[in-house]
Amino acid sequence: MHEKISKTRGKNAPTLDAEAMLEWYDRSARTLPWRVGPQARAEGVLPNPYFVWLSEIMLQQTTVPTVGKYFAAFTSQWPTIFDLAAAPRDDVLKAWAGLGYYARARNLHACAQVLVEEHNGIFPASAEELQKLPGIGPYTSAAIAAICFDEQVAVVDGNVDRVVARYTALDKPVRDQKPFVREVVARSVPKRAGDFAQSLMDLGATICAPKRANCLICPIAQNCAGRKSGAPENYPVAAPKKPKPQRFGHAFVVQNQRGEIFLRQRPEKGLLAAMTEVPGSEWIGDRTEPAFPFTGDWHKRGTIDHVFTHFALEVTVWFIQSDTPPTETGWWQPRDTLTGEALPTAFKKVLQKALK
DNA sequence: AAGGCGGGGAA
DNA sequence: TTCCCAGCCTT
């Protein structure tokens, strides 16, 4: 059974029961700020492509609860794509600060400007065209095309990977089986492509969850190979994971007589690109002595720990009261306005530790 | 094809 | 702790 499925690229590929999925979705769809529910959709209400796009970008590798506040803040500050395109990029980075994967924010702003300048602010209605835009890849293009325009494309995200891997009892890491998963979904997409896509994501989020497959209430348990195996949680097969290296560094928090803190902007490329930071050392694999930017009465305030995607970081936090700028470029920021800056979480921790 | 790129909630 | 989330881009 497994062998046949895994080799298949055509007619023998299994399909998902779209009818059962849609019937379940009509009863159980999650209510989300950017979503037009199945009832309203049936009555002809169309989703706002700007909201759908914005939410999809925010939801890349990010959970629904985390996105909630950011989505509300963005749509309040920039109600339309034209507002967002006209905003200074730094304002967008400030609003994105804390959400992570900051390339998304830079691409979001660039995409808004392309859409306004080259498409009259109108979203292309096909996945193929959407994928040409910055920050929009295979998943997001398909999601927007399906949800907004009911294009019958396969929308495959992490949830769908898991659902299909279980449904077919896929015996290889799903990461290497994208074409197979896409094929299964593509063969299943009904006319109501948008609702179907969202039903699959809701199923993955609420029933076919990572560590618990609630088969008793699953609308497609009937033909699920994972359920039949007796241990659906065995799927998807886990890919080997790499150890996370530890890095160390120092941060130098300087406060002047007016109570302002010295900040600077990070480079345009690389980690936390173009975001705001506290001056400090490089982050390397060994603990080193601090190379203070100038001599003075530096106070050690302790360390903070932070985990990035590919390494863990320990920063020793130093504080000094001085009017000397620690670096060539940068600026003095009033303490009570720090929260509005484009500070990634690691630097918010640094400042919290230094100023407590 | 592989690696860089955040952060937080759930178990 | 570990997992992994409505992924994309660069090399």
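Protein chains get the first letters and strands the later ones, always in sequence-line order, with residue 1 at the start of each.
Across dC4(C) and dC5(B), the matching C1' atoms stand 15 Å from one another, rounded to whole Å. To the nearest whole angstrom, the two P atoms, one in dC8(C) and one in dG9(B), are 23 Å apart. Between dC9(C) and dG8(B), the two P atoms lie 24 Å apart (nearest whole Å). Straight-line distance between the P atoms of dG3(B) and dA6(C): roughly 24 Å, to the nearest whole Å.
Neither OP1 nor OP2 of dG4(B) sits under 4.0 Å from any side-chain N or O of H310(A). Close to dG7(B), at under 4.0 Å from its OP1 or OP2, lies a side-chain N or O of T345(A). Contact annotation: H306(A) side-chain N/O to dG6(B) OP1/OP2 distance is not under 4.0 Å.
A salt bridge between E260(A) and R335(A) is absent, with no side-chain N of the basic residue lying under 4.0 Å from a carboxylate O of the acidic one. Remark: D150(A) engages R41(A) in a salt bridge, criterion side-chain N to carboxylate O under 4.0 Å. Of the charged side-chain nitrogens involved, none lies within less than 4.0 Å of a carboxylate oxygen, so that R35(A) and D195(A) do not count as a salt-bridged pair.
Atom P of nucleotide dG7(B) and atom CD1 of I304(A) are separated by 10 Å, given to the nearest angstrom. Between K348(A) atom NZ and dG8(B) atom C1' there is a gap of 13 Å when expressed in whole angstrom units. With rounding to whole Å, L271(A) atom CG is found 5 Å from dC5(B) atom P. For the pair D176(A) CG and dA1(B) C1', the interatomic distance rounds to 10 Å; values are reported in whole Å. Taking atom CH2 on W96(A) and atom P on dC8(C), their separation rounds to 12 Å, with Å as the unit. When the P atom of dG6(B) is taken as reference, atom CG of L343(A) falls 14 Å away, rounded to whole Å. Summarising the geometry, the separation between NZ on K269(A) and P on dC5(B) is reported as 12 Å, rounded to the nearest angstrom. Rounded to whole angstrom, the span from the OH atom of Y102(A) across to the C1' atom of dG7(B) amounts to 7 Å.
Between the side chains of Q333(A) and T337(A), a donor-acceptor pair is found at a separation under 3.5 Å.
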Considering only nitrogen or oxygen atoms on both sides, find all protein atoms under 3.5 Å from nucleotides 3-7 of chain C and state each distance.
residue: dC3(C); atom: OP2; partner: K241(A); partner atom: NZ; Å: 3.4
residue: dC5(C); atom: OP1; partner: R162(A); partner atom: NH1; Å: 3.0
residue: dA6(C); atom: OP2; partner: N159(A); partner atom: OD1; Å: 2.6
residue: dA6(C); atom: OP2; partner: N159(A); partner atom: ND2; Å: 2.9
residue: dA6(C); atom: O5'; partner: N159(A); partner atom: ND2; Å: 3.1
residue: dA6(C); atom: O4'; partner: D157(A); partner atom: OD2; Å: 2.3
residue: dA6(C); atom: N9; partner: Y139(A); partner atom: OH; Å: 3.1
residue: dA6(C); atom: N7; partner: E56(A); partner atom: OE1; Å: 3.4
residue: dA6(C); atom: N7; partner: E56(A); partner atom: OE2; Å: 2.8
residue: dA6(C); atom: N6; partner: W34(A); partner atom: NE1; Å: 3.4
residue: dA6(C); atom: N1; partner: R30(A); partner atom: NH2; Å: 3.1
residue: dG7(C); atom: OP1; partner: G158(A); partner atom: N; Å: 3.0
residue: dG7(C); atom: OP2; partner: Q61(A); partner atom: N; Å: 2.9
residue: dG7(C); atom: OP2; partner: Q61(A); partner atom: NE2; Å: 3.4

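The residue L99(A) sits close to a base: some heavy atom pair falls under 4.0 Å.
For the pair R266(A) and W283(A), the cation-pi test (distance below 6.0 Å, angle within 45°) is passed. Figure legend: R301(A) and F319(A) shown as a cation-pi pair, the cationic atom lying under 6.0 angstrom from the six-membered ring centre and within 45 degrees of its axis.
From Q321(A), atom CD reaches atom CG of D297(A) across 10.5 Å, with rounding to the nearest 0.5 Å.
Comparing R175(A) and G100(A), the nucleotide of DNA chain B nearest to each residue sits closer to the 5' end for R175(A).
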